[in-house]
Amino acid sequence: MGIISTILTLCGVGVGIVLGLLAGFIMFIYFEPDDVKDPRIRSVLELDKQALEDLLPEIPFWVKNPDHEKVDWLNKFLEEMWPYLNKAICKIILSTAEPNITTYKAQYKLDSVEFESLTLGTLPPTFVGVKVHETADKEMIFEVSVKWAGNPDIKLGVKAYGLKATAQLVDFQLFLTARITMKPFVDVFPCFSNIHVSLMEKPHIDFGLKLLNADLMAIPGLYRFVQEYIKQMVASMYLWPKTYDIPILDTSLHKNEPQGLLFVTLVKAKQLKNKDLLGKSDPYVMVRVGNSTQKTRTIMNNLNPEWNETLSLPVDDPETESLDLTVYDWDKVGSHDKLGMQVIQLKELVPEQPQTFTLNLLKNLDPNDSANLKNRGQITLDLHYKPLKVEHELQDLPEHHDSDDNEDGESNDSPLVSKVPSKLTGPLVVPPGGGLLVVIIHHAEDLEGKYHTNPYVKITFRGEQRRTKPIKKSRDPRWEEDFEYTLDDPPLNDRLLLEICSKSKNLIHSRETLGRVEIDLSDVVRNKRLNEKYQLLDSKTGKIQVELQWRSTGTVSRHFTIQDASIFTQGYSNSGVY
């Protein structure tokens, strides 16, 4: 009986399931609505904030910032190139870290420090948006936003006192927005000489750090402390306006040698446009030739200013370069408003001849812009272009032979010289007028820093101080920077002071002097060019390589002492040697 009841129960359940499915299907067909409508399609602009967040949990960067462009093609290119870029970047990391590893090994008496594994993983960074800035200078500026959720495997092994410890970096994430500036433009490929990189905001950095296979970031409080410390450290070095400079070309190889000096005398302006709500504009003028800029003093609360101020700028190529003038309204807060601008082609100037210009100010250089028809005032200026002379030292005089008298007994018009002078010597007669002094700081070697070595060169000349960029942690820094001084007179009695300094965040020893040298400039005036290595004072081994150039706007003459000659007639003196 038990078996029969079990069989009947199973049969009843099976029949019930079949009948239930059949009844459900009939009811679904019977009650199916026949008024189904097509879904409504709406524009994204019609959606509210909540609907957008539901639709796009993570809104793309180029949507949140319309002035940023998508760069899918660049991400595709980076994805294809990443295996090779990975190896190249790892080689750079090894070559950069090697000097520091050697220093730390000696400082902390370590037996060995080496990378057991070094790879950035298989996941490349992603560019989420690029913005290009328009600028009037000869440079290109663009901002790029990068996200990188990588899987690097960087393992560093340290052995000391018979013990070995291994630290491993894993699960690295980086989000940042960087501004990249390529300048100045040059006529040598890749057509810019330096790359300057700045961070526009503090980066987001996340990573795991294992020591002896234990995750250090799991220690309470350590994760947040390390993150904030790294953010602060990176921001203090690279947050805009601070930059990380990458030299691309040696400027000494492609820099055009100046061909002359342009003296710009800003006389006055009148009927300038008023940009201030209270009072009047405070105008000043910025002038630029090539990469050289100068500006006048600011005249406060005046729409008809008179500067009567002379500025001088070096000119590399007068046939292609121009003088750019821009009048600004100085503001204590915020950016300075542009009142107007003008451009003068230098090929229109006559060398050695002063010229006066009175120009109507324009809003921009677009000839089709109707805004240029509005009155923005006038500016009056004097321009005087002085070519730098190519100076040649006179060598031996051409040979002159004795002449016999004419048949009628009269002497020839040419002077008689009993003996030809063999050599001309004498002191240099410095021409009147000024010129261009160029100071090129090449490199230094064997610098000694007691507390730190982040060297830069401070240049002092006629009370003016300039400085090179600092080179971090280097005893043999290479700057390759040049500084130009336009002078009204030759620096015969001047001295150039070069001081190599080091600056650090060390609160006790924040600044340190690594050596100095003082150079007499009379030698460069006589020789036109010097390129020498100088031993630094206050330093046992430090040396610095400096190149000096002097190019005069006048002509050079010499007084000569005649050797092996006793007679010089007036006629021979008129030939140009005296």
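In this text, all values refer to a predicted model and were calculated from it rather than measured experimentally. The first residue of the sequence shown is numbered 1, and numbering continues consecutively from there.
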#### Entry: His442 and Asn531: CA distance, side-chain angles, deciding distance, side chain to side chain contact (heavy atoms under 4.5 Å, CB included) verdict
CA-CA 10 Å; His442 288 298; Asn531 190 358; 3.9 Å; yes
### Task
Using the side chain to side chain donor-acceptor pair (under 3.5 Å) rule, take Thr513 and Glu499 through it: C-alpha gap first, then chi angles, then the decisive distance, then the call.
CA-CA 7 Å; Thr513 300; Glu499 184 179 7; 3.3 Å; yes
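- Side chain of Thr541 to main chain of Asp446: a donor-acceptor pair is present (N/O by atom type, distance under 3.5 Å, no hydrogens or angles).
- In this structure, Lys469 places its NZ atom where more than 12 heavy-atom neighbours from other residues, nucleotides or ligands lie under 6.0 Å away.
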### Task
Evaluate the criterion side chain to side chain contact (heavy atoms under 4.5 Å, CB included) for residue pair Val285 and Val264; output intermediate values, then yes/no.
CA-CA 11 Å; Val285 183; Val264 183; over 6 Å; no
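- Under the 3.5 Å distance criterion, the side-chain polar atoms of Arg529 are left unmatched by any main-chain donor or acceptor of Glu547.
- From Lys533, atom NZ reaches atom NZ of Lys543 across 6.0 Å, with rounding to the nearest 0.5 Å.
- Contact record, Glu481 with Arg467: OE1-O, 4.5 Å, taken as the closest heavy-atom pair.
- Rounded to the nearest 0.5 angstrom, Leu199 CG and Leu176 CG are separated by 6.0 Å.
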### Query
Do Asn360 and Gln342 pass the side chain to side chain donor-acceptor pair (under 3.5 Å) test, and can you show the C-alpha distance, the side-chain angles, and the key distance before you say yes or no?
CA-CA 8 Å; Asn360 294 323; Gln342 259 294 356; over 6 Å; no
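- Side-chain contact check for Pro314 versus Thr486: some heavy-atom pair is nearer than 4.5 Å.
- In this structure a side-chain-to-backbone donor-acceptor pair under 3.5 Å is present from Ser502 to Asn454.
- Within the 4.5 Å cutoff, the side chain of Leu536 has heavy atoms near those of the Leu447 side chain.
- Minimum interatomic distance between Ser281 and Asn274 (heavy atoms only, all atoms of both residues): N-OD1, 3.1 Å.
- Annotation: the span from Lys273 atom NZ to Gln271 atom CD amounts to 14.0 Å, rounded to 0.5 Å.
- Side-chain contact check for Val439 versus Leu548: some heavy-atom pair is nearer than 4.5 Å.
- Looking only at distances, a side-chain donor or acceptor of Gln535 sits under 3.5 Å from a matching main-chain atom of Gly542.
- Nearest heavy-atom pair across Val524 and Leu530 is N-CD1, 3.8 Å.
- One distance of note links CE of Met341 with CG of Leu362; it measures 8.0 Å at 0.5 Å rounding.
- Smallest separation of non-hydrogen atoms from Pro283 and Trp307: O-NE1, 3.8 Å.
- Salt bridge Asp538/Lys450: absent, no basic N to carboxylate O contact under 4.0 Å.
- Of all the heavy atoms in Trp479 and Pro455, the pair that sits closest is NE1-O, 3.6 Å.
- Scored by the side-chain contact (heavy atoms from CB on, under 4.5 Å) test, Asn301 finds Lys280, Asp282 as partners (sequence neighbours excluded).
- Put simply, the side chain of Arg179 never gets that close to the backbone of Ile141: no donor and acceptor are under 3.5 Å apart.
- Side-chain contact between Asp494 and Leu496: absent, with no pair of heavy atoms (C-beta onward) separated by less than 4.5 Å.
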### Trace of the salt bridge (Lys or Arg N to Asp or Glu O under 4.0 Å) decision for Lys131 with Glu143
CA-CA 5 Å; Lys131 175 183 178 182; Glu143 291 182 10; 5.5 Å; no
### Query
What do the steps show when you test Arg516 against Leu537 for side chain to side chain contact (heavy atoms under 4.5 Å, CB included), and what is the final call?
CA-CA 5 Å; Arg516 59 185 178 85; Leu537 300 177; 3.7 Å; yes
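- Counting only heavy atoms from C-beta outward, the side chains of Trp550 and Leu487 approach each other to under 4.5 Å.
- Looking at Tyr385 and Leu323, their side chains never come closer than 4.5 Å, going by heavy atoms from C-beta outward.
- In this structure, the side chain of Glu201 does not engage the main chain of Thr177 through any donor-acceptor pair within 3.5 Å.
- Separation of atoms NZ (Lys528) and CD (Gln549) is listed at 12.5 Å; rounding is to 0.5 Å.
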### Task
Show the numbers, then the answer: is there a salt bridge (Lys or Arg N to Asp or Glu O under 4.0 Å) between Glu448 and Lys540?
CA-CA 8 Å; Glu448 301 168 321; Lys540 295 180 180 179; over 6 Å; no
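- Considering all non-hydrogen atoms of both residues, Leu346 and Ser322 come closest at CG-CA, 4.0 Å.
- You'll find the side chain of Thr380 reaches within 4.5 Å of the side chain of Lys268, heavy atoms only.
- At least one cation-pi condition fails for Lys503 and Tyr456: the charged atom is not both under 6.0 angstrom from the six-membered ring centre and inside a 45 degree cone around its axis.
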### Message
With side chain to side chain contact (heavy atoms under 4.5 Å, CB included) as the criterion, how do Glu348 and Gln355 come out once you've worked through the C-alpha distance, each side chain's angles and the decisive distance to 0.1 Å?
### Response
CA-CA 10 Å; Glu348 299 177 2; Gln355 295 174 254; over 6 Å; no
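- Taken to the nearest 0.5 Å, the CD1 atom of Ile299 stands 7.5 Å off from the CD atom of Glu306.
- Side chain of Asp324 to main chain of Val343: no donor-acceptor pair is present (N/O by atom type, distance under 3.5 Å, no hydrogens or angles).
- A 4.5 Å side-chain heavy-atom check between Glu464 and Tyr485 finds at least one atom pair inside the cut-off.
- Between the His336 side chain and the Trp330 main chain, no donor and acceptor come within less than 3.5 Å of each other.
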